[in-house]
Amino acid sequence: MTETLAQAPSGAEEVLDIGILDPAQTEFYRNPNGFLAVRIGESDHRRVKLARMLPFADPDRYISVEDMEGKELGILRDLAELAPEQQKLAREELEARYFCPAVTAIRSIKEKMGYFYFDVSFGTVQKVFAVKDISRSIKQLDDKAVAITDVDGSRYLIEDVWAIDGKSRRKIEPYLY
Amino acid sequence: MTPPSETASRIAFDLTADGRFCSGELIFDGGVLFVVEDGATVLERDVADCSELKQMTDIGCGALELALADPAGPPPENEGDPPAALPDAENVRVCRFTMAHAEEAAELCKVVNYYIATGDQNRMARPEGRRCPRCGRPLMQGTDVCLFCVDKGYILKRALQTAKPFLGRIAVSALLLTVANVFYALTPVLYRILTDDFLVRPETAAAWFGTPVRGVLLLALGMVLVRGLGQLFYITSNRMANRAGSAYSDSLRERLYAKVQLLSLSSVSKKTSGDLLKRITNDTEVIRTFLSDQGRNLLEQLVIMVFVTVVMALTNWKLMLMVILPVPVMVMLIQAFWRFIHVRYSKQWRIESRANSILHDIIKGIRVVKVFGSEEREIRKFSDCSRRLAEISASNEKFWARVSPALEFFVGIGEFFVLYFGGRMVLAGTLSLGELIQFVLFLSYIYTPLRWLSSFPRWLARAMTSMVKVVEILDEKPEITDAAGAEEKTVEGGIEFRNVRFGYKSYEPVLKNVSVTIRPGEMIGLVGPSGAGKSTMINLLMRLYDTNDGAVLIDGTDIRNIGQRCLHDQMGAVFQETFLFAGTIYDNITYARDDATREEVIAAAKAANAHEFIMALPDGYNTVLGENGHTLSGGERQRLAIARAVLKNPKILILDEATSSLDPKTEGLIQDALGKLVKNRTTIAIAHRLATLRHADRLVVIDRGCIAEVGSHKELLEKRGIYYRLVMAQRQTAKLKN
């Protein structure tokens with residue numbers, strides 16, 4: 001009885017084909033205009049978009065391949081299953097589409113009337129952005145990573161709060177919980 | 001490249017094609033698009049063979065691409081329409097940018113696309129105030145001033161402005177408080193006189209009052225009088241302050257509430273309801289307490305300190321300096337801790353708000369929680385948050401418990417100085433015994449307030465944080481306002497959508513160039529897949545949002561030129577989700593028009609086929625409904641909503657999925673009720689169940705933000721287009737069900 005219960009999810013998968021792509025049959029390439037294209041088996045799609053199903057929890061697995069109308073052509077279970085060249089193309093596309101630069105240092109965080117102005121560095125680039133509603137805009141992804149969304153909708157990532165310098169950490173700490 | 005002309009449109013962008021930060025500029029001049037990255041022109045492209053400059057939105061960034069015109073495609077139907085485009089795979093990549101530039105990019109697209117369609121170059125309308133001219137920081141929507149460059153006094157100024165009607169009473173109360181405290185601070189002076197002139201040198205008292213004993217008695221009586229008067233003033237002042245404080249917080253609450261009602265749907269939906277509730281109730285309360293308690297205390301202590309300092313200086317300025325010396329150290333300490341405390345308490349506030357909002361969600365969704373048997377998980381979720389709140393407030397309190405003794409020690413240092421140097425002065429005969437006693441008594445007068453002052457920043461931080469939240473709402477500008485000289489007019493019901501473009505974010509269009517004219521009295525069915533933009537059209541018609549481009553007109557007048565109140569008075573709407581307020585059925589029906597007569601209400605209920613079920617309830621129309629009418633069924637609630645709309649007798653009626661998710665019998669009843677309602681008025685109905693719209697004069701099919709087909713049920717079936725496919729699909733499903 002216990003066994004049957006444990007097997008129930010795979011049963012559901014059988015009933016509903018979720019459209020997992022065969023990595024051996026999926027071949028990405030760049031079209032002459034530089035956009036990502038894919039051949040899935042016999043069919044050729046001259047431009048496609050990639051979308052993460054779990055952008056925070058599982059960014060490299062369950063990648064939806066969509067045409068430009070947003071129609072799903074199939075799901076890649078794991079980028080690692082692709083050939084290295086293919087993987088590189090897919091990762092480049094995902095990184096460009098999910099733009100989320102890594103914050104390397106926090107110079108200051110100042111509050112004004114409920115808005116928080118972050119003055120941060122991304123390597124050599126400095127930037128000031130504003131955040132409203134801290135509790136929604138600062139998302140602690142796990143013990144280390146923190147994602148910040150600013151008022152315009154741009155996103156920033158602190159990959160590891162424990163790895164940035166102490167001064168920066170002390171500035172962000174009051175906003176984490 | 002040659003320098004751009006004056007009419008050139010230019011925007012900044014900040015990403016390279018491979019996603020690095022850069023400093024880029026995009027210039028559109030005389031039909032040519034120039035892309036400049038870090039000073040170098042990387043693309044120069046004539047748009048003559050293009051169909052459109054397209055904005056692509058990714059996650060946290062966006063891109064501009066030129067879509068090429070399809071040489072084999074059909075010519076544009078109307079003048080001003082863009083030529084047909086090749087598939088996106090053939091696009092030319094122009095630039096990438098972070099979301100900070102998304103709105104500018106949308107503006108540039110408009111300019112370029114207008115050029116492609118007409119050959120004229122428009123000037124670009126700058127999206128209003130994106131960055132502060134002084135500090136370059138981003139500006140917030142709905143606020144003109146850079147929050148950062150606004151001086152700190154701004155909040156206080158706004159606080160005073162909102163308190164204006166109460167300032168008179170507050171001032172009188174403060175004056176009474178000052179007098180009361182001066183009386184209070186006189187006591188040590190009387191002690192000095194007692195010691196020096198009545199006890200040490202009784203002959204002085206005898207010379208004044210006959211006998212020393214009579215002198216002591218009179219002095220004691222004087223003390224009683226001074227204290228008594230002081231208390232009297234104090235009590236009067238206190239009562240005045242409390243009343244003024246309550247009245248102030250009451251008015252603040254009312255203004256906040258009114259403001260929340262005024263703000264457009266888009267700005268309200270950005271905040272959680274827990275957050276809004278907290279601002280209206282808790283924050284105003286914190287401000288009141290500050291005004292009538294802590295703020296008053298501050299004044300009280302300041303008065304005492306000034307008075308005491310003056311009297312001490314007159315008695316012995318050297319000793320006075322020793323008492324006052326530690327004060328600057330103290331003030332510095334207070335300032336040093338100020339920032340720390342502020343951050344700590346903001347954090348506490350945020351967690352409090354989160355806990356409230358979790359609670360709010362759980363209580364609202366109690367049915368779902370119970371059905372999924374997830375009570376324990378929800379309890380855990382709340383208690384986690386509540387525990388974090390407890391931890392943080394405990395840590396804040398602990399911080400204070402550690403810091404205040406240290407502060408107090410520094411403050412106490414003055415006492416040692418007075419005892420040592422004062423004692424020596426008495427022995428040397430430069431200070432009288434009475435004066436030393438007066439000093440020692442004054443010590444507590446001056447140090448008690450100082451000690452209290454060390455906890456003052458805590459109160460101030462709380463009050464300031466709350467005031468900021470309140471001012472933020474009060475200062476927020478409603479996005480939708482009545483135009484100057486907005487008309488108050490009785491409408492006939494003719495509606496026109498003219499080249500309407502709209503997106504909840506301007507760069508993500510939901511409606512793309514929608515044009516449709518609806519005659520007065522016509523019944524229109526809006527049809528299309530979910531997410532096509534049907535409800536958005538209705539939101540625009542009701543002016544819950546304003547169009548980005550184009551206009552919605554009623555009887556030929558742009559709705560932005562019709563008073564909002566007047567507009568809403570002539571519209572009625574029945575939604576899928578009926579919201580009923582706590583109150584009686586009668587109150588809920590008359591919500592549409594509170595001047596309706598009893599007979600009108602009954603007529604409306606009958607027209608809505610609601611009368612029968614209302615009369616089946618023991619309390620009839622006086623039945624009290626629970627929150628959101630939980631005691632009624634979905635169909636019953638829907639019929640009450642229809643009765644509301646009937647009573648309002650609007651010229652324009654909107655039915656947004658008014659009959660979905662009901663059983664066929666109830667739907668029949670409601671259809672019947674609606675049939676009576678739509679007569680003699682313009683009706684726009686959205687329904688997924690297409691059969692519901694059979695009687696519509698015309699059907700408008702919307703697909704991906706554009707109008708795909710318009711015509712009667714019969715015409716559209718014959719056309720064998722989108723509508724035909726939708727009808728066939730539904731018939732198929734219906735067959736399967738049967």
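Excluded from the calculations below are hydrogen atoms, water molecules and symmetry mates; all remaining heavy atoms, backbone and side chain alike, are included. Being a predicted model, the structure only gives us computed values, none of them experimental. Chain identifiers are assigned alphabetically (A, B, ...) following the order of the sequence lines, protein sequences preceding nucleic acid strands; residue numbering begins at 1 within each chain.
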* Asked: What's the verdict on ring pair (Phe, Tyr, Trp, His ring centres under 6.0 Å) for B/Phe21 and A/Phe99, showing C-alpha distance, side-chain angles and the deciding distance?
  -> CA-CA 11 Å; B/Phe21 279 117; A/Phe99 182 71; 5.6 Å; yes

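Within a 6.0 Å radius of CD in A/Glu72, more than 12 heavy atoms belonging to other residues, nucleotides or ligands are found.
With hydrogens and angles disregarded, a donor-acceptor distance shorter than 3.5 Å links the side chain of A/Asn31 to the backbone of B/Ala89.
Pairs passing the salt bridge (charged side-chain N to carboxylate O under 4.0 Å, His left out) check and including a residue from residues 26-44 of chain A, sequence neighbours excluded, read A/Glu27-A/Arg39, A/Arg30-A/Glu92.
At a 4.5 Å heavy-atom cutoff, the contact between B/Asn91 and chain A is made by backbone and side-chain atoms alike. Heavy-atom distances place the side chain of B/Met56, and not its backbone, under 4.5 Å from chain A. Only the side chain of A/Pro101 comes within contact range of chain B, with at least one heavy atom under 4.5 Å from a heavy atom of that chain. Using a 4.5 Å cut-off between heavy atoms, B/Arg96 touches chain A through its side chain atoms alone. At a 4.5 Å heavy-atom cutoff, the contact between B/Glu90 and chain A is made by backbone and side-chain atoms alike.
For chain B, the option among A/Arg97, A/Glu95, A/Arg52, A/Arg155 with the highest count of heavy-atom pairs below 4.5 Å is A/Arg97. Contact count against chain B (heavy-atom pairs under 4.5 Å) is highest for A/Val125 among A/Leu36, A/Val125, A/Asp150.
Smallest separation of non-hydrogen atoms from B/Met99 and A/Ser154: N-OG, 2.9 Å. Considering every non-hydrogen atom in both A/Ala96 and B/Cys61, the closest pair reads O-SG, 3.4 Å. Between A/Arg47 and B/Asp88 the shortest heavy-atom distance is NH1-O, 3.1 Å.
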